[in-house]
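Notes to accompany the following structure.
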Amino acid sequence: MLSAEGAARAATLSDVARVAGVSIATASKALNGRGDVAAATRQRVRDAADSLAFTPNAMARGLLAGRTGTVGLLTSDLEGRFMIPILMGAEDAFGAGKVSVFLCDARGDAIREQHHLSALLSRRVDGIIVVGRQTDPRPSLGQEIPVPVVYVYAPSDDPRDLSLVPDNHAGGRMAIEHLIACGRTRIAHITGDPDYAAAQDRLAGARSALDAAGLELVGDPMFSVWSEHWGRDAAAMLLARHPDVDAIFCGSDQIARGVLDTARDLGRSVPDDLAVIGYDNWEILATNSRPELTSIDANLQQLGRHAAQRVFDAIDGVDMGEGTHPLPVRLVIRGSTIARR
């Protein structure tokens with residue numbers, strides 16, 4: 001119950017949450033009738049609100065009355081493979097919350113993006129999710145947007161914005177730790193465009209795991225394009241220079257597929273002679289490789305769902321925070337690092 005001091009003032013949502021033993025976000029959802037709260041929890045929150053004679057303040061009531069039940073998804077590259085699972089995750093979450101989605105594709109054009117932004121605001125959307133096509137920082141939409149904005153995959157260049165990104169540093173570290181756990185010590189790295197933040201972050205994570213194990217990469221990291229062709233050529237050069245390499249960490253699944261082709265052409269058995277791990281867990285590539293490809297999954301659908309939840313929180317009056325937040329990735333083990341029995 002509230003203290004004597006607390007009873008002298010109007011009860012707040014924070015008070016309700018504390019008495020009910022839930023988070024502020026859960027209390028808000030329960031009182032606003034959102035369907036993603038257990039019935040018992042919803043009743044506990046309502047009982048707490050009744051016991052405290054809680055009523056939403058005028059601003060909260062105004063926000064609730066002014067909602068349109070719509071959210072904008074603004075992407076820069078709808079054809080990009082990484083965009084689709086993020087958008088699917090966000091749309092799933094919004095659908096569960098009975099929120100309609102306006103999807104706009106700016107196609108990487110800043111003028112087109114501003115046009116779509118104006119159109120979304122004219123429709124009085126309750127929030128906006130901005131999805132980038134790579135993990136390099138992108139220009140902020142600015143601080144004057146009248147609705148909550150969450151940036152996903154490509155972080156905003158303004159630290160006052162909220163950005164959710166996959167943890168590529170952790171992914172690189174995870175890949176190397178798995179290879180070391182498989183008994184590999186002569187590990188090389190073949191990756192894509194060095195100007196991509198993802199390439200550098202994954203390399204930094206890989207180096208941190210190697211340092212912790214007292215190891216170094218075999219040769220220099222090999223950078224070029226994100227393609228199977230580069231994977232084939234790079235693997236041929238690498239294995240000619242360093243035939244004792246026993247593992248290759250690839251910056252993408254496409255590169256890893258090319259590495260597997262070259263290993264097979266050169267008579268190197270995978271994973272017995274050479275372990276290969278990719279990145280992205282692009283299932284159509286990974287599961288059709290010979291052998292199937294171990295890979296780091298960026299959990300992109302979960303990333304989209306997290307973004308939707310942050311928008312829900314903001315709509316419910318909960319501070320969604322700011323800054324760039326890396327979200328967990330996961331290791332998917334297949335036959336390219338551990339032989340199937």
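The basis for the numbers below is simple: all heavy atoms, side chains too, and nothing from hydrogens, waters or symmetry mates.
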Keeping Asp246 on the side-chain end and Thr185 on the backbone end, is there a donor-acceptor pair under 3.5 Å? yes

Would you say Leu73 and Phe94 make side-chain contact, with heavy atoms under 4.5 Å? yes

Matching residue for Thr294 among Leu331, Val276, Val332 - test: side-chain contact (heavy atoms from CB on, under 4.5 Å): Leu331

For His325 and Ser163, which I'm curious about, is there any donor-acceptor pair between the side chains at under 3.5 Å? no

Report yes or no: does Asp136 contribute a side-chain atom to a donor-acceptor pair with the main-chain N or O of Ala197 at less than 3.5 Å? yes

First locate atom CG of Leu285, then atom CD of Gln254, and finally report the distance between them rounded to the nearest 0.5 Å. 6.0 Å

Does a side-chain heavy-atom distance below 4.5 Å link Val147 with Leu121? yes

Within the distance-only criterion (no hydrogens, no angle test), does the side chain of Arg173 pair as donor or acceptor with the backbone N or O of Ala209 below 3.5 angstrom? no

Which distance, rounded to the nearest 0.5 Å, do you find between the CG of Asp273 and the CZ of Arg268? 5.5 Å

Working to the nearest 0.5 Å, report the span between CG of Leu164 and OG1 of Thr324. 9.0 Å

Taking the basic N atoms (NZ, or NE/NH1/NH2) and the acidic carboxylate oxygens, is any pair closer than 4.0 Å for Asp313 and Arg310? no

Heavy-atom pair with the smallest gap, counting every atom of Ile180 and Ala213: CD1-CB, 3.6 Å

Between Phe249 and His189, how do the two ring planes meet: parallel, tilted or perpendicular, split at 30° and 60°? parallel

Interatomic distance, OG@Ser208 vs CD1@Ile176, rounded to 0.5 Å, equals 9.0 Å

Residues Arg202 and Asp280 bridged, charged N to O under 4.0 Å: yes

Side chains of Leu162 and Val150: does their closest heavy-atom pair fall under 4.5 Å? yes

Do the charged groups of Arg107 and Asp109 touch, with an N to O distance under 4.0 Å? no

Closest contact, heavy atoms only, Val270 versus Ala263: CG2-CB, 3.9 Å

Whether Glu113 and Arg138 form a salt bridge (side-chain N of Lys/Arg under 4.0 Å from carboxylate O of Asp/Glu) is what I want to check. yes

So, does Thr26 use its side chain to make a donor-acceptor pair with the main chain of Val22 at under 3.5 Å? no

Gap separating the CG atom of Leu87 from the CZ atom of Phe82, nearest 0.5 angstrom: 13.5 Å

Kindly write out the residues that satisfy side chain to side chain donor-acceptor pair (under 3.5 Å) with Arg305, not counting sequence neighbours, or none if the list is empty. Gln302

All side chain to side chain contact (heavy atoms under 4.5 Å, CB included) counterparts of Ala199, not counting sequence neighbours: Thr191, Tyr196, Phe223, Trp226

Flag the pair Asp297 and Arg330 as a salt bridge only when some basic side-chain nitrogen lies within less than 4.0 angstrom of an acidic carboxylate oxygen. yes

Looking at Arg232 and Asp261, does any basic side-chain N land under 4.0 Å from a carboxylate oxygen? yes

Going by side chain to side chain contact (heavy atoms under 4.5 Å, CB included), name the residues that satisfy it together with Ile84, two or more places apart in sequence or in a different chain. Leu78, Met88

Using a distance-only test with no angle check, is there a side-chain donor-acceptor pair under 3.5 angstrom linking Ser295 and Asp253? yes

Partner of Leu300 under side-chain contact (heavy atoms from CB on, under 4.5 Å), chosen from Leu327, Asn281, Val131, Ile86: Ile86

